[in-house]
Amino acid sequence: MAKICAASLLSLLAVLATGPTASRCAQGFVAGWQQRQPSSLAPTTGTPASPVPLPPAFVSCRGGAATVASPASSSSALAAEAAVSSDAAATEAVPSWESLEAELEKLRSSSGDGQEKKPVLTLYRDTNGWCPFCERVWVAVRAKGLPYQETLVPLQGKPEWYKQMVPTGLVPAVLFHGDEDGGGGSDTGTSRELVWESDAILEALDAKFPETPRLMRKGEQDFDDALDLQNRLQAAGFAFAYGNRNGTLTDAELQQNRDGFDAVLDELDAALAEQAAALGTDTCFRLGAEFSGLDAIMVPTLERWRYQLPITNDVDILARRSHLKNWFDTMDAYEAYGGRVAGDEYSWTATASMFFRYFGGGEDQPKVAAGIARADAAAEKFASAFASSSTEGAHPQEAALEAAAKLLSNHAAVVADCLREEPLSQQHIPRASGTDTADVLLRHVVSVLLETAAPSPSASAAAATDLLVGCDADATAQGALALRTVSKRLCVPRDMGAPSAALLRKILCSVADDLLVDSEEEEGANTAGTREAVVA
């Protein structure tokens, strides 16, 4: 999933397997690093910087329930790191996790990212980023520019404290912190208050922070008409997508549901065309030039249909609907949504495969098996293009910082996930074994990310192939497999925003490609079996 990641990669690389190739692989890395070590990432002395205070993000999911992957103990990680080389002095030439964290903190401080405002609310949302009602509130909070903190709650197996706090036991919920000056600079004092149900939260955000853009305008004709259309669209879409799960509908009834869904989609496209014409532009939000609560309500479900219905139901909701596509373009370019909340095509495609497996009724059923095959093939097609995908964005340094921070804070859990012999989820994605090169490669990826995040990015990070001088072909191929596993396990928005995930996947897969090419050219060894596992 982003919605696993740079952190995964770092984690993988942090755990070095011992074996006949371990020592010479480490020696090759040290030699390469000493030749091309980036000065800005040189090891530091003194007290290491405190770990970046980020919530755990990389999780394994089963049936909708999310659990944090079991991290390797710190002592095990240190032992693995020590196994890289018996030469302590040479090992010190490799930037440690502490050194990389210190560099991250310097970059965050210089960019102002480390000087966060006091949160005015706590958002309780689902761990995986699957809940559409949570997404409505999440994007609304960001659209208002409110400083907030998050507590992630699994959709299944919710903790007792949450069920006692929220009467319904459902997400989302928001705790408004309140203070004497209104909790956000308003003139009206507020008290601590817990609100649940997405509609009630959206209304409360407007009421408690009147100085921020107003999102909900119930009672106004254009808003109410658009909300009515959205409710009819959602009902038609659910009837089409999920109405025949028990297999009792006739072909005529199925076609009726399909026709009804298409008709309301066409109605939405026409409404967007009318709105755009009134503004004299091709792109607009649902009610005009400004983002509103209608956009927050619409986008979670439409986003899923956009990416998953072509796989699950052979329906493209954008076909012949250019105005709906333009609305998506507007939303994707809107930072409050596209920068962190939006899912991406790969993640929703990979999730479709998981949904088939968990909720389809059994992989032995032909329709379920066919759906899984379609989803896996589509996800693999997207993954094969990670290295060549565009990562152009409005804030590349911010994307690099987010990816680096997640890698640094979660590397132990990522290592455990990528080396797990019996994966908790997405078992069809190959895991690596004997990854002597993992720690080296993960640190290299973080170094590249930090270079990208620097105010004046440079190309001082050593090439991956230079770091692995002396590794045999199998160790190199397993390292490449580990990187690709991380890129495929990264899920958006669970782990990070779409821009950060695109950048991280590109780096992971570019390094993997370079390793395989270099290994085949220099070793001439027969690594076809492992290489096939890496690219497939």
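As the structure is a computational prediction, the values presented were derived from the model and not from experiment.
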Worked verdict on Ser347 versus Asp344 for side chain to side chain donor-acceptor pair (under 3.5 Å): CA-CA 5 Å; Ser347 297; Asp344 65 9; 2.6 Å; yes

Salt bridge (Lys or Arg N to Asp or Glu O under 4.0 Å) evaluation trace for Glu402 with Arg340: CA-CA 10 Å; Glu402 182 185 19; Arg340 183 63 185 91; 3.4 Å; yes

Salt bridge (Lys or Arg N to Asp or Glu O under 4.0 Å) between Glu303 and Arg306, worked out: CA-CA 5 Å; Glu303 173 189 303; Arg306 174 193 190 183; over 6 Å; no

Derivation and outcome, salt bridge (Lys or Arg N to Asp or Glu O under 4.0 Å), residues Arg125 and Glu150: CA-CA 7 Å; Arg125 65 176 181 87; Glu150 295 178 326; 2.8 Å; yes

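If you look at Phe355 and Trp130, their ring centroids are closer than 6.0 Å. The distance between the ring centers of Tyr307 and Tyr346 does not fall below 6.0 angstrom.
Under the 3.5 Å distance criterion, the side-chain polar atoms of Asp316 are matched with a main-chain donor or acceptor of Leu318. At distances below 3.5 Å, at least one donor-acceptor pair connects side-chain atoms of Arg374 with backbone N or O atoms of Ile311. Checking side-chain atoms of Ser500 against main-chain N and O of Ala399 turns up a donor-acceptor pair under 3.5 Å. Of the possible polar contacts, none joining the Asp417 side chain to the Ala413 backbone as a donor-acceptor pair under 3.5 Å is found. Using modelled atom types, one side-chain atom of Ser510 and one backbone atom of Lys506 make a donor-acceptor pair closer than 3.5 Å. A side-chain donor-acceptor contact under 3.5 Å links Gln397 to the backbone of Ala454.
Cation-pi contact between Arg142 and Tyr337: absent, since separation from the ring centre below 6.0 Å together with deviation from the ring axis within 45° is not met.
Proximity of Thr485 to Ile429: side-chain heavy atoms (C-beta onward) are separated by under 4.5 Å at one or more points. Between Trp138 and Pro172, every side-chain heavy-atom pair lies at or beyond the 4.5 Å cut-off. A 4.5 Å side-chain heavy-atom check between Pro455 and Leu107 finds at least one atom pair inside the cut-off. Proximity of Thr301 to Arg304: side-chain heavy atoms (C-beta onward) are nowhere separated by under 4.5 Å. By the 4.5 Å heavy-atom criterion applied to side chains, Val445 and Leu508 are counted as neighbours. Residues Val341 and Glu135 are in side-chain contact: their nearest non-hydrogen atoms beyond the backbone lie under 4.5 Å apart. Inter-residue side-chain proximity for Gln164 and Trp161 is flagged as unmet; no heavy-atom pair is nearer than 4.5 Å. For the pair Leu309 and Ile317, the minimum side-chain heavy-atom distance is below 4.5 Å.
Other residues, nucleotides and ligands contribute more than 12 heavy atoms inside 6.0 Å of the CG atom of Asp364.
Shown here for Pro396 and Leu503, the closest heavy-atom pair between the two residues is O-CD2, 4.3 Å. Across every non-hydrogen atom of Gly360 and Val368, the tightest pair is O-CG2, 3.2 Å. When all heavy atoms of Pro154 and Thr127 are compared, the closest pair comes out as N-OG1, 3.3 Å. Closest heavy-atom contact between Thr391 and Ala502: CG2-O, 3.6 Å. Taking every heavy atom of both residues into account, Glu363 and Ile372 meet most closely at CG-CD1, 3.6 Å. Closest heavy-atom contact between Asp126 and Cys131: OD2-N, 3.2 Å.
In this structure, NZ on Lys158 lies 14.5 Å from OH on Tyr124, to the nearest 0.5 angstrom.
Using a 4.0 Å cut-off between a side-chain N of Lys or Arg and a carboxylate O of Asp or Glu, Lys381 and Asp376 do not qualify as a salt bridge.
No side-chain donor-acceptor contact under 3.5 Å links Ser447 and Arg443.
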